[in-house]
There are 2 protein chains.
Amino acid sequence: MDKAGYQLTDFLHGLSGKQGDEIIRRGTTRDLKAQTVLFHEGDPARQTYLVLKGRLKLGKVHELGKEVLIRYIGPGELAAMITVLEGRDYPVTAETVGETRVVGWDRRTMLQIMAECPQLSINMIRNSMDRLEDLQSRYLELHAEQVEKRIARSLLRIMKQSGRRSGDEIIIDFPISRQELADYTGTTLYTVSRTLSAWEKKGWVKSKRARIIIADPHALVLFSEKG
Amino acid sequence: MDKAGYQLTDFLHGLSGKQGDEIIRRGTTRDLKAQTVLFHEGDPARQTYLVLKGRLKLGKVHELGKEVLIRYIGPGELAAMITVLEGRDYPVTAETVGETRVVGWDRRTMLQIMAECPQLSINMIRNSMDRLEDLQSRYLELHAEQVEKRIARSLLRIMKQSGRRSGDEIIIDFPISRQELADYTGTTLYTVSRTLSAWEKKGWVKSKRARIIIADPHALVLFSEKG
DNA sequence: TTGTTTGTTTGCGCTGGCGCAAAGACAGTG
DNA sequence: CACTGTCTTTGCGCCAGCGCAAACAAACAA
């Protein structure tokens with residue numbers, strides 16, 4: 001359990017490592033395998049989770065098949081804040097992407113902790129605001145932007161959140177299939193595949209099965225902004 | 001300024017009328033004409049607003065023309081919570097729909113009030129959660145649902161938030177143009193117009209210029225769920 | 001090795017719904 | 001009243017991108 005140096009988006013931002021550890025100790029830490037469902041859309045919300053290591057993906061499904069990928073949740077970020085409110089259900093499903101360590105608190109504990117440490121409320125509000133903004137932008141794009149540009153923006157978003165630099169290239173360091181990228185962008189598997197193939201020919205990206213490397217980030221940014 | 005009985009979605013939920021009035025007194029109350037821009041997307045966030053009377057609409061624009069209507073804000077709800085965070089810009093533009101009374105607080109005051117009254121933090125979190133859920137659902141729909149169903153759902157959403165019953169019919173009690181309904185739904189003026197015309201023939205809705213009456217809510221609900 | 005599973009690519013045809021254009025309806029003003 | 005600006009309706013043509021189908025490729029197991 002690493003201490004000290006909680007970052008800006010962090011739930012524990014502004015707290016000392018000691019305070020953070022104490023708070024983590026009051027929850028239940030769990031290690032999860034890849035592709036484990038942590039909670040299901042529609043189930044009563046019992047725990048709020050903080051990701052310590054690894055990554056969750058939050059998805060929402062539509063009657064019969066269609067799915068959207070709302071967001072990836074990385075280390076330091078909360079999932080299911082909704083739990084602090086009484087009698088709510090999870091609005092999304094959370095599944096681990098790789099091996100993932102989370103800590104969970106139930107409502108009572110969470111409210112206690114928040115009462116003792118008002119900074120946490122601010123951090124939660126910051127996090128909700130950030131997510132709301134993100135989704136507002138994507139909502140706008142989904143309506144106003146062409147698919148190819150949206151795919152570009154999606155890749156760049158994911159890259160910012162989880163990219164690992166390697167020379168000029170940027171590696172997205174977790175497996176993401178064409179289908180998932182489609183769900184995240186709001187398009188289809190086929191369109192994503194066609195688009196990535198085209199970009200591969202231009203040398204903008206390289207990709208293997210479920211692995212994407214952005215070879216020319218600059219070109220992608222230009223494309224996403226202009227066309 | 002009406003006291004007592006703040007409702008569930010309210011910012012002042014759980015407070016006595018007296019406490020609420022005191023908090024309102026510490027802000028700046030303003031009466032605005034219809035179609036007044038309260039704040040602009042991109043401007044530095046200086047004030048958080050609570051709507052006391054009337055209605056705001058929050059919109060976001062895309063480079064050149066295209067616009068989405070993120071949400072209507074009615075009495076009791078907050079706009080621009082983002083202000084409590086340092087150095088942020090408004091992510092949307094807020095414009096009054098009819099005559100509207102709001103009260104605004106700057107960040108310092110807001111943080112003080114929140115520190116004195118932790119319940120407000122919970123209320124703010126509740127409100128962000130609700131909005132996030134709303135937007136997540138609409139994001140899913142925008143991707144997964146056909147336009148006509150989306151228009152139906154949009155109408156029903158607006159109806160729930162601002163409908164006035166009159167016999168079997170439900171009147172949406174503020175002016176909303178085809179263009180606005182299109183921006184809210186994520187489609188075009190033309191498609192909305194064609195759709196409403198068709199529904200008018202079926203007797204589901206009646207509409208005059210910028211006024212919509214839902215004549216057969218039940219039929220609309222059925223249609224939005226099945227088709 | 002072979003077989004199985006799971007993911008990816010690409011050709012091809014189809015259509016939902018966008019958006020122009022032009023006419024019509026309504027509200028407000030002087 | 002006529003005049004002006006704003007909102008609405010509808011016909012029509014077009015195309016982005018969806019989705020089937022079928023082949024292909026990579027990963028893993030036995």
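Labels below follow one simple rule: chain letters A, B, ... track the order of the sequence lines, proteins then strands, and each chain is numbered from 1.
- When heavy atoms are screened at a 4.0 angstrom cut-off, A:Ser177 is found touching the sugar-phosphate backbone but no base atom.
- Between atom OG of residue B:Ser177 and atom CG of residue B:Asp183 there is a gap of 7.5 Å, rounded to the nearest 0.5 Å.
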Stepwise side-chain contact (heavy atoms from CB on, under 4.5 Å) test for A:Val147 and A:Thr185: CA-CA 8 Å; A:Val147 256; A:Thr185 307; 5.6 Å; no
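- Following rounding to the nearest Å, A:Ile176 (CD1) and C:dT8 (C1') show an atom-to-atom distance of 15 Å.
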Protein-to-nucleotide contact annotation, 5' to 3' order, nucleotides 19-28 of chain D [B base; S sugar-phosphate only; - none; under 4.0 Å, heavy atom]: BBB---BBS-
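- What separates CG of A:Leu181 from C1' of C:dT9 is a distance of 15 Å, to the nearest Å.
- Of the residues listed (A:Lys53, A:Arg131, A:Arg126, A:Arg55), the one engaging A:Glu77 in a salt bridge (Lys or Arg N to Asp or Glu O under 4.0 Å) is A:Arg131, and it is the only one.
- Between A:Leu189 atom CG and D:dG17 atom P there is a gap of 16 Å when expressed in whole angstrom units.
- Computed from coordinates, the B:Gln146 CD to D:dC18 P distance equals 14 Å when rounded to whole Å.
- Taking atom CZ of residue B:Arg178 and atom P of nucleotide C:dG17, one finds them 19 Å apart after rounding to whole Å.
- Using the six-membered ring where Trp is involved, A:Tyr72 and A:Tyr184 have ring planes that are tilted, between 30° and 60° apart.
- Across all strands shown, C:dT1 is found opposite D:dA30 as a Watson-Crick or G-U wobble partner, with both distances under 3.5 Å.
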Step by step, would you call A:Asp134 with A:Arg138 a salt bridge (charged side-chain N to carboxylate O under 4.0 Å, His left out)? CA-CA 6 Å; A:Asp134 178 71; A:Arg138 283 169 59 199; 3.5 Å; yes
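- Between B:His143 atom NE2 and C:dG16 atom C1' there is a gap of 15 Å when expressed in whole angstrom units.
- Going from atom CZ of A:Arg211 over to atom P of C:dT8 covers 12 Å, rounded to whole Å.
- Here B:Ser207 does not reach the OP1 or OP2 of D:dT8: none of its side-chain N or O atoms lies under 4.0 Å away.
- Atom-to-atom, CG of B:Leu142 to P of D:dG17 comes out at 14 Å; the value is rounded to the nearest Å.
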Derivation and outcome, side-chain contact (heavy atoms from CB on, under 4.5 Å), residues A:Glu148 and A:Ile151: CA-CA 5 Å; A:Glu148 296 211 340; A:Ile151 297 174; 5.5 Å; no
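- The phosphate of C:dC18 has OP1 or OP2 within less than 4.0 Å of a side-chain N or O from B:Thr187.
- Closest to the side chain of B:Val147, out of C:dG17, D:dT8, C:dT8, is C:dG17.
- Note: A:Trp204 and A:Trp199 have tilted aromatic rings, judged against thresholds of 30 and 60 degrees for the angle between ring planes.
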